[in-house]
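Single-structure report; data block below.
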Amino acid sequence: MKRLFDARARLRWIHLILGGALSMPYFLLGSVVVGPFLGHDNVFTSTSLQFAAFGVALPTAALTALFPLVRPLSVGAVRALCAVPAGRLADGPARSRAARVRTAGWFTLHLGLGGVISGMTLAVPPFAGALIALPLMTWLRDSPLALPEVLTRAWGPALAPVAGFAMLVALAACAALAGAVLARSAPVLLGPTPADRLAAAERRAADLAVRNRLARELHDSVGHALSAVTLQAGAARRVLDSDVEFVREALTAIEETTRRTVGELDAVLGLLRQGEDTGGDLAGPTLDALDDLLAHSGVKVACTRDGDPAARAPDPVSREAYRIVQEGLSNALRHGGAAPVSLRIVLRGEELEIVMENPLPDREPVVRPGGGRGLPGIAERATLLGGHAEAGAHGDVWRLTARLPAGGAGGTR
């Protein structure tokens with residue numbers, strides 16, 4: 001008995017009454033059609049005529065439910081009132097024919113059950129109230145309410161309150177049953193189609209790809225900055241009392257590196273805060289800013305360029321090339337210390353080649369906790385552009401090579 005009147009049952013009852021309210025325009029349209037067709041001016045004078053008008057109203061409602069926007073409105077009402085888990089319902093308008101047909105079936109079921117329960121909700125409580133009050137109000141027995149014959153007998157007034165309460169319980173039971181039918185039908189008729197599931201999977205994959213890219217940006221930018229600052233600070237500490245000029249240059253480099261990194265960090269975090277809107281192009285430094293990077297990298301870099309890559313490489317390729325060089329310098333700092341680095345960037349035809357070399361360290365490199373993502377990140381960047389990257393020992397040097405397709409190089413950037 002308690003489940004007939006708990007919060008879930010009441011919300012579902014409201015959902016049914018909402019369906020009854022939505023069915024009224026269709027019912028009035030059906031009455032306009034049925035009345036003249038059967039030769040009656042007022043269908044409300046006959047129960048059979050009202051059911052006939054209701055029968056015309058439901059197919060009309062099904063036709064209007066074929067519009068795509070009906071599904072999100074129905075799904076919103078179900079989520080709010082029917083206690084159906086959100087994951088079992090589809091998001092967005094119904095685009096495919098199958099989804100629209102299923103939505104039309106749901107809309108018809110909702111309006112049909114809602115119309116019946118709404119009618120019972122309007123009719124039953126007043127009559128049940130009259131029966132409950134019958135023993136206390138003797139004038140009701142002589143009123144023109146056309147009470148059932150059994151209630152006019154001597155023991156009828158004693159039975160009337162029981163009948164009244166039974167009618168109210170029956171009404172609640174009918175509403176609970178209809179609400180349960182709608183709640184069970186909602187995932188079937190308003191649930192995601194295979195096309196909806198595929199679109200959701202594609203959205204999740206795109207979001208994950210963007211977040212992975214943002215993670216790589218943070219790793220490369222912040223990791224490089226920390227490596228450079230650590231090396232420069234350590235070198236400045238060792239010559240603090242003997243080479244003031246070198247200390248001044250190191251502090252200047254630390255200041256420039258941190259200022260540039262804070263700007264890049266703000267840009268990446270801004271994109272993260274935008275949530276769903278991070279699907280656009282991720283802005284970042286390009287090869288135009290390479291000189292500043294090399295000047296404050298914390299290591300001596302002998303750089304050669306061929307083919308004017310900074311001016312001719314497309315922006316996406318130029319951004320990824322900058323990050324690859326940045327991560328390569330970070331690896332050189334972590335593992336080679338202050339050993340000089342050789343960098344060659346060549347734009348040849350439709351390919352941009354990056355080759356970076358530094359002497360192998362005499363000792364085993366120290367691996368940072370949580371590190372080890374630099375070289376895989378470089379490989380991912382190259383692969384995303386359709387290129388490839390490799391790194392490894394060649395004799396007494398460590399060589400990083402990345403080849404990126406630069407189709408359209410030489411056009412406008």
Side-chain angles (χ1 to χ4, degrees), residues 216-233 235-236 245-268 282-334 336-348 351-359 374 377-378 381-382 385 387 389 398-404 406 409-413:
R216 286 197 303 271
E217 295 293 322
L218 285 173
H219 173 273
D220 293 352
S221 178
V222 177
H224 169 77
L226 291 177
S227 297
V229 167
T230 300
L231 182 65
Q232 291 160 344
E245 185 61 28
F246 178 84
V247 173
R248 183 179 293 109
E249 292 177 359
L251 291 176
T252 301
I254 290 174
E255 180 184 2
E256 294 296 330
T257 300
T258 53
R259 181 184 294 115
R260 183 182 66 250
T261 305
V262 167
E264 295 178 8
L265 185 62
D266 285 342
V268 174
L282 182 62
T286 64
L287 291 176
D288 293 328
L290 186 61
D291 289 336
D292 184 61
L293 173 67
L294 299 181
H296 302 96
S297 63
V299 64
K300 293 182 179 180
V301 182
C303 179
T304 59
R305 301 176 178 89
D306 188 12
D308 198 8
R312 298 178 57 226
D315 278 348
V317 177
S318 186
R319 281 194 293 268
E320 299 302 328
Y322 178 94
R323 291 303 190 191
I324 289 173
V325 172
Q326 186 180 53
E327 181 57 31
L329 291 174
S330 297
N331 286 333
L333 282 168
R334 283 195 294 267
V341 174
S342 169
L343 173 63
R344 185 173 71 254
I345 304 177
V346 180
L347 183 59
R348 185 185 303 109
E351 182 180 76
L352 178 67
E353 183 183 55
I354 301 171
V355 180
M356 183 179 296
E357 294 180 347
N358 60 279
I378 289 175
R381 288 180 181 278
L385 290 176
W398 179 270
R399 180 181 300 163
L400 166 66
T401 303
R403 293 182 174 88
L404 309 177
T412 58
R413 292 181 59 188

Got a donor-acceptor contact below 3.5 angstrom from the R312 side chain to the G307 backbone? yes
Smallest heavy-atom separation, Y322 atom then A289 atom, equals CE1-O, 3.7 Å
How long is the gap from NZ on K300 to CG on L294, to the nearest 0.5 Å? 14.5 Å
Is any side-chain heavy atom of L400 closer than 4.5 Å to a side-chain heavy atom of N331? no
Does the side chain of D308 reach to within under 4.5 Å of the side chain of L347, using non-hydrogen atoms? no
How long is the straight-line distance from CZ of R381 back to CD of E320, given to the nearest 0.5 Å? 4.5 Å
In Å, rounded to the nearest 0.5 Å, how long is the span from CG of L343 to CG of L293? 9.5 Å
Checking side chain to side chain contact (heavy atoms under 4.5 Å, CB included) against T286, which of P316, S318, P309, P314 comes through? S318
Distance-minimising heavy-atom pair for E255 and T258: O-OG1, 2.9 Å
Taking all heavy atoms of A310 and all of D288, pick out the closest pair and write down the distance. O-OD1, 3.2 Å
Grab the two heavy atoms, one from A236 and one from V247, that are nearest each other, plus how far apart they are. O-CG2, 3.6 Å
I'd like to know if E245 and R248 make a salt bridge, using a cut-off of under 4.0 Å between side-chain N and carboxylate O. yes
Assess the residue pair D306 and R344 against the criterion (side-chain contact (heavy atoms from CB on, under 4.5 Å)); give the C-alpha distance rounded to whole Å, side-chain angles, the decisive distance to 0.1 Å, and a yes or no. CA-CA 8 Å; D306 188 12; R344 185 173 71 254; over 6 Å; no
Spacing of CZ belonging to R323 relative to CG belonging to L287, to within rounding of 0.5 Å: 11.5 Å
Return the CD1 to CD1 distance between I354 and I324, rounded to the nearest 0.5 Å. 5.0 Å
Minimum heavy-atom distance A389-I378, with the two atoms named: CB-CG2, 3.8 Å
If you take all heavy atoms of M356 and V325, which pair is closest and at what distance? CE-O, 3.6 Å
